[in-house]
Engineer: 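One structure, pasted below without further comment.
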Amino acid sequence: MQEGVKIHRELLNVLTPCRNRICLAAASVGISCLFDFADLTNHSVLLAAERSILLSTRTASVKESDKLVSELNRLQKIIKTQGQPIGLNAAIREGIINNPKLSQAFSQIQQAEWGLIKAQRGWYPTIQLTNQTPFVGYSWNTFVSDNYAKRDQKNTGGEQEEKGAVSKSDKVTTSSQNITIAPGVSVNWTFLDPTRQPNINSQSAEVQKQKYLFFNAARGLILDIQQAYFKIQSSQQLIEDFQRIYAINRQQLEILEERQKIGMVTILDVEQTRSQLFQQLSQLVQYTNNYIDQTSNLAELVNLPSKTLPIPNEEAKLYGSWQPQLDETVKNALSYREELLSDLAAAEVAQWNAIAALKSYLPKFQLVGGGNLTGKNGYNNVPVNNDPQTSYTRTRNWAASAGIGFTWQIFDGGIKDADAQIAFARERSFQSSFKLNENQIVQQVRSSYGKLKTSVVAYESAQRSYKSAEIAQQAARARFDVGV
C-alpha cells in the first residue's frame with residue numbers, strides 16, 4: 001500500500017506542469033490510478049517517470065519474491081523428508097491401535113469388568129486359617145500359690161490354744177514348660193445377602209456403560225482422523241494449485257516488465273500484477289502453515305513418532321454416499337448413538353446402587369464353621385525344686401463347631417437411606433441427560449444431513465465453475481500472449 005502511494009505521488013509531481021485532469025480510484029489490492037489526459041503534450045515525460053520508479057523497486061521486489069518462494073520450497077522439502085505416506089484406512093487402523101486416549105477408555109472397561117468379577121465372587125464362601133499365639137513355639141509358665149490364711153494344726157496335747165495366734169503361710173511354687181502347636185481354620189458362607197445381587201447388577205450395568213463410552217471414543221477418533229486426513233488433502237491440493245498460479249503470474253510479471261520498458265504497458269499494470277503476486281505468496285504461506293499444523297494433528301491422533309509426519313498417499317476424492325432418508329437417519333442415530341446408551345446404563349447403575357443401599361437394612365445369614373488343634377509336649381505344674389524328668393507328657397486337643405449365624409443392622413441413623421436417595425437423584429440426573437442428548441443428536445443429524453445434501457450440490461456447481469474458469473483462464477492467457 002505504501003509503495004503504491006509513493007508511486008502515485010511521484011507521478012503527480014511529474015504531471016502537474018502539464019495541467020492534466022487526474023482521476024484517482026482506490027482498489028483493494030493497492031492504489032490504482034486512472035489518468036485521463038486532455039492535452040498531453042509531453043508523453044515522454046510520463047514514460048521517463050514510470051521507468052525511473054520501476055527501476056527503483058523492481059530489483060528489490062523480485063529478490064523478495066524469490067526469497068519467499070525458496071523458503072516455501074525448503075519447508076516442502078522438510079515435510080517430504082519427515083513425511084510417511086499413509087492411506088486413510090491405514091491411518092484409522094493405526095489410530096485405533098496406538099491412540100492413548102482409546103487405550104485409556106479400554107482400561108476403564110477392564111476396571112469395570114474386574115468390579116463385576118469382584119461382585120460375583122461374593123457368592124463364594126470364605127476360608128481363613130487361624131491360630132493361637134504362638135502357632136508353633138515354646139511356652140513357659142511359673143505358678144506361685146501362697147495360702148497365707150491357713151492356720152496351724154490343732155493342739156493335740158489338750159492345751160488351750162493361745163488367743164490371737166498367727167497362722168503359718170503355705171507357699172507353693174510350680175513351673176510348666178511346653179512345645180506348643182495350635183493351628184485352626186474357620187469357614188464362613190453368607191448364603192443369604194439381600195445386597196449381593198443388586199451390587200452384581202450395578203457392576204454389570206457399569207461394564208456396559210464403559211463399553212458404550214469406549215465405542216463413542218473410537219467413533220470420535222475415527223471421525224477426527226478422517227477430518228484431519230481430508231484437511232491435509234485439501235491443503236496439499238491448494239498448495240499445488242497456488243504454486244501453479246504463482247508460476248503463471250510470475251511469468252506474466254516478467255512479460256509485463258519487458259513490455260513496460262518499451263512503453264506497451266504502464267507501471268500501473270506492472271505494480272498491480274506484482275501486488276497480486278505477493279498476495280498469492282501470502283496465501284501460499286498460509287496454506288503451507290495449515291498443512292504443517294494438520295499433519296501434526298494427524299500424527300498426534302495416529303500416535304506416530306515425534307519426527308514423523310503422516311502424508312496422505314492418495315488424492316482427495318469422494319468416499320461413498322449416504323442413501324437413507326432423514327427420518328430413517330434420525331431413527332438410527334437415536335437407536336445406536338453410544339452417548340444415549342451410556343446415559344441409560346449410568347442411570348441403571350445408580351438405580352441398582354440405591355436398591356442395594358436400601359436392602360442393606362435386611363439381615364444376612366451365614367453358615368459358619370471352625371476347628372482347631374492344640375498340641376503340647378512338656379511338663380506342667382512341677383514344683384520348682386523337683387526334677388521334671390518324670391513329668392513330661394504329650395497332649396492333643398481337637399475342637400470343631402458348625403452352625404448358622406446372622407448379622408442384622410437394625411439402625412444406622414439413616415445413613416444407608418440417605419445413600420439410596422443420593423443414588424436415586426443420580427439416576428434422575430442421567431435420565432435428564434439422556435433427554436438432553438437425545439434432542440442434541442436430533443439437531444446434529446438434521447444439520448449434518450442438510451449440509452450433506454447442499455454439499456453435493458455445491459460440489460457439482462464447483463466442478464462446473466472450475467471448468468468455466470479453466471476455459472476463461474486459457475482465453476485470457478491467449479489474449480495476454482498476443483498483447484490484447
Side-chain angles (χ1 to χ4, degrees), residues 1-14 23-35 46-47 49-80 231-232 234-294 465-466 469-470 472-481 483-484:
M1 179 70 73
Q2 294 177 355
E3 184 180 1
V5 173
K6 181 179 179 182
I7 295 171
H8 175 59
R9 288 178 178 175
E10 294 188 14
L11 284 173
L12 287 179
N13 293 333
V14 173
C23 296
L24 176 63
S28 60
V29 297
I31 300 296
S32 61
C33 303
L34 180 61
F35 300 97
L46 175 61
L47 295 179
E50 290 179 343
R51 290 193 185 98
S52 62
I53 296 172
L54 179 62
L55 289 175
S56 63
T57 59
R58 175 183 176 185
T59 303
S61 299
V62 172
K63 289 183 178 179
E64 187 67 21
S65 174
D66 293 340
K67 181 180 178 181
L68 291 175
V69 173
S70 299
E71 181 65 18
L72 291 178
N73 291 333
R74 187 183 68 84
L75 292 176
Q76 289 291 331
K77 289 181 181 179
I78 294 175
I79 295 174
K80 291 180 180 179
K231 288 180 180 179
I232 295 173
S234 176
S235 295
Q236 180 62 42
Q237 198 170 47
L238 287 171
I239 290 172
E240 294 175 355
D241 291 341
F242 269 81
Q243 283 177 341
R244 289 193 294 267
I245 293 172
Y246 172 82
I248 293 172
N249 290 337
R250 182 70 176 84
Q251 183 181 10
Q252 289 180 351
L253 178 61
E254 293 177 353
I255 296 173
L256 286 175
E257 288 175 342
E258 296 300 325
R259 290 181 178 178
Q260 196 273 337
K261 292 179 182 179
I262 60 176
M264 293 182 62
V265 295
T266 64
I267 189 174
L268 174 63
D269 300 323
V270 175
E271 291 308 317
Q272 281 185 335
T273 304
R274 194 188 309 278
S275 177
Q276 293 175 358
L277 189 68
F278 277 102
Q279 285 187 351
Q280 290 161 2
L281 272 177
S282 298
Q283 289 177 305
L284 189 58
V285 170
Q286 182 62 41
Y287 293 143
T288 304
N289 184 48
N290 293 340
Y291 183 82
I292 296 174
D293 290 341
Q294 291 157 2
S465 177
Y466 174 79
E470 188 175 22
Q473 186 266 345
Q474 293 175 356
R477 284 289 302 277
R479 291 170 58 86
F480 180 83
D481 292 339
V484 179

Engineer: Identify whether the distance between the nearest side-chain nitrogen and carboxylate oxygen of Arg250 and Glu254 falls below 4.0 Å.
Structural biologist: yes

Engineer: Please name the pair of heavy atoms, one in Gln294 and one in Lys231, separated by the smallest distance, quoted to 0.1 Å.
Structural biologist: OE1-O, 3.0 Å

Engineer: Roughly how far apart are Asn289 CG and Leu284 CG, rounded to 0.5 Å?
Structural biologist: 11.5 Å

Engineer: Any donor-acceptor pair under 3.5 Å linking the side-chain atoms of Gln280 with those of Asn249?
Structural biologist: yes

Engineer: Kindly say whether Glu271 contributes a backbone atom to a donor-acceptor pair with the side chain of Ser275 at under 3.5 angstrom?
Structural biologist: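 The answer is no, because no donor-acceptor pair under 3.5 Å joins these two groups.
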
Engineer: Distance from Ile245 atom CD1 to Gln276 atom CD, nearest 0.5 Å?
Structural biologist: 11.5 Å

Engineer: Ignoring hydrogens, what is the shortest heavy-atom contact between Tyr287 and Ser235? Give both atom names and the distance.
Structural biologist: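 Minimum heavy-atom contact is O-CB, 4.2 Å.
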
Engineer: Listed by chain and number, what are the side-chain hydrogen bond (donor to acceptor under 3.5 Å, both in side chains) partners of Gln251, not counting sequence neighbours?
Structural biologist: none

Engineer: Let me confirm one number: the CG-CG distance from Leu277 to Leu253, rounded to the nearest 0.5 Å.
Structural biologist: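 Spacing of CG (Leu277) from CG (Leu253) equals 6.0 Å.
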
Engineer: Is a side-chain donor-acceptor pair under 3.5 Å present for Asp241 with Gln237?
Structural biologist: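 The answer is no; no qualifying pair exists.
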
Engineer: Minimum heavy-atom separation for Ile239 to Thr288, with atom names?
Structural biologist: CD1-CA, 3.8 Å

